[in-house]
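Computed from a predicted model, the values in this text were never measured in an experiment.
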Amino acid sequence: MIEDKNNSDKFIRRLRELKDKAVDIGIMGDANRDYSDRDIVLIAAVHEFGSPKRRIPERSFLRSNFDDNYDRYADMLMNRIEDVLDGAISVNDALSLVGQTVAQDTQMTIRRVIPPPLKEATIKRKGKGKTTPLIDTGRLIGSITYEVKDV
C-alpha cells in the first residue's frame, strides 16, 4: 500500500489565508468614533509630518522606525510566512507577532528622543521639566498598536 503524503491542499489553503489577511500598525483611530480617537490621530499626523504653519517640526516616529528596521521586519515577516506555510503557526498569530514587534519598536523610537529638541518656550509652557518631544501625557505612545484584519 502506498501512502499519499501530498500536502498541497493544506499549502494552498494557507496561502489563501495569507492573501486574505493584513496587519495595520500605528495609531488606530476611527473618525466615526469619539472625539479623542480623531484627536490622537491628528496629533500623531502633525508630529509625524510637522506643521510649518503652526511651527511644529517633523518628528517622524512611524516612518523613521520602519525605515530603520525595514530589513529586520522583512526577514521576520518571511520567517513567519514560512512558519505559516509549514503549519507551525496560524496566520493571525504570525501577523500578530510582527505587529507587536513593530508597535513596540515604534514606542521605543519615541522614547529615544526624536530631534529636534523642544524649544525653551515649549518646556516652560509644559512645566515640570518635561523636555522629551512626543511624550507629555503618554497618550500618543500608548495609542501605538496593531490590528490583524481581513482584506
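When hydrophobic clusters are built by joining Ile, Leu, Val, Met, Phe, Trp and Tyr residues whose side-chain heavy atoms come closer than 4.5 Å, directly or via intermediates, Tyr70 is not grouped with Ile114. The cluster map of Ile, Leu, Val, Met, Phe, Trp and Tyr, joined by side-chain heavy atoms under 4.5 Å apart, puts Phe66 and Val41 in different clusters.
Using a 4.0 Å cut-off between a side-chain N of Lys or Arg and a carboxylate O of Asp or Glu, Arg80 and Asp83 qualify as a salt bridge.
A pairwise comparison of heavy atoms in Arg55 and Lys119 identifies O-NZ, 4.0 Å as the closest pair. Phe61 and Ile110 make their closest contact through CB-CG1, 3.6 Å (heavy atoms, listed as atom of the first residue, atom of the second, distance). Residue Glu58 comes nearest to Arg63 through the heavy atom pair OE2-NH2, 3.2 Å, listed as atom of the first residue, atom of the second, then distance. Considering every non-hydrogen atom in both Ile27 and Ala44, the closest pair reads CG1-CB, 3.6 Å.
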Apply side-chain contact (heavy atoms from CB on, under 4.5 Å) to residues Tyr73 and Asp105 and explain how you reach the verdict. CA-CA 11 Å; Tyr73 295 153; Asp105 288 353; 2.7 Å; yes
Would you check, one step at a time, whether the test side-chain contact (heavy atoms from CB on, under 4.5 Å) holds for Ile135 with Arg111? CA-CA 8 Å; Ile135 301 177; Arg111 287 185 183 101; 4.2 Å; yes
Let's go through His47 and Ile43 carefully: what are the C-alpha distance in whole Å and the side-chain angles of both, what is the deciding distance for side-chain contact (heavy atoms from CB on, under 4.5 Å) to 0.1 Å, and is it a yes or a no? CA-CA 6 Å; His47 286 293; Ile43 290 168; 3.7 Å; yes
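Surrounding CZ of Arg16 are at most 12 heavy atoms belonging to other residues, nucleotides or ligands under 6.0 Å away.
Evaluation of the side chain to side chain contact (heavy atoms under 4.5 Å, CB included) rule for Pro117 yields no partner, not counting sequence neighbours.
For the atom pair CG of Leu118 and CZ of Arg59, the computed distance is 5.0 Å after rounding to the nearest 0.5 Å. Between the CG atom in Asp67 and the CG atom in Leu62 there is a gap of 10.5 Å [rounded to 0.5 Å]. Note that CG of Leu77 is 10.5 Å distant from CD of Glu82, once rounded to the nearest 0.5 Å. In this structure, CG on Asn65 lies 7.0 Å from CZ on Arg112, to the nearest 0.5 angstrom.
At a threshold of 4.5 Å between non-hydrogen side-chain atoms, the residues Ile141 and Leu134 do not count as touching.
Screening Asp20, Leu18, Leu15 for a side-chain contact (heavy atoms from CB on, under 4.5 Å) involving Val91 leaves a single residue, Leu18.
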Could you go through residues 143-150 and list every donor-acceptor pair under 3.5 Å that involves a side-chain atom there, pairing it with any protein atom two or more places apart or in another chain?
from	atom 1	to	atom 2	distance (Å)
Ser143	OG	Arg139	O	2.7
Lys149	NZ	Asp24	OD2	2.8
Asp150	OD1	Lys21	NZ	2.7

Got a list of side-chain donor-acceptor pairs under 3.5 Å for residues 93-104, not counting sequence neighbours?
from	atom 1	to	atom 2	distance (Å)
Asp93	OD2	Ser90	OG	3.3
Ser96	OG	Asn92	O	2.8
Thr101	OG1	Leu97	O	2.9

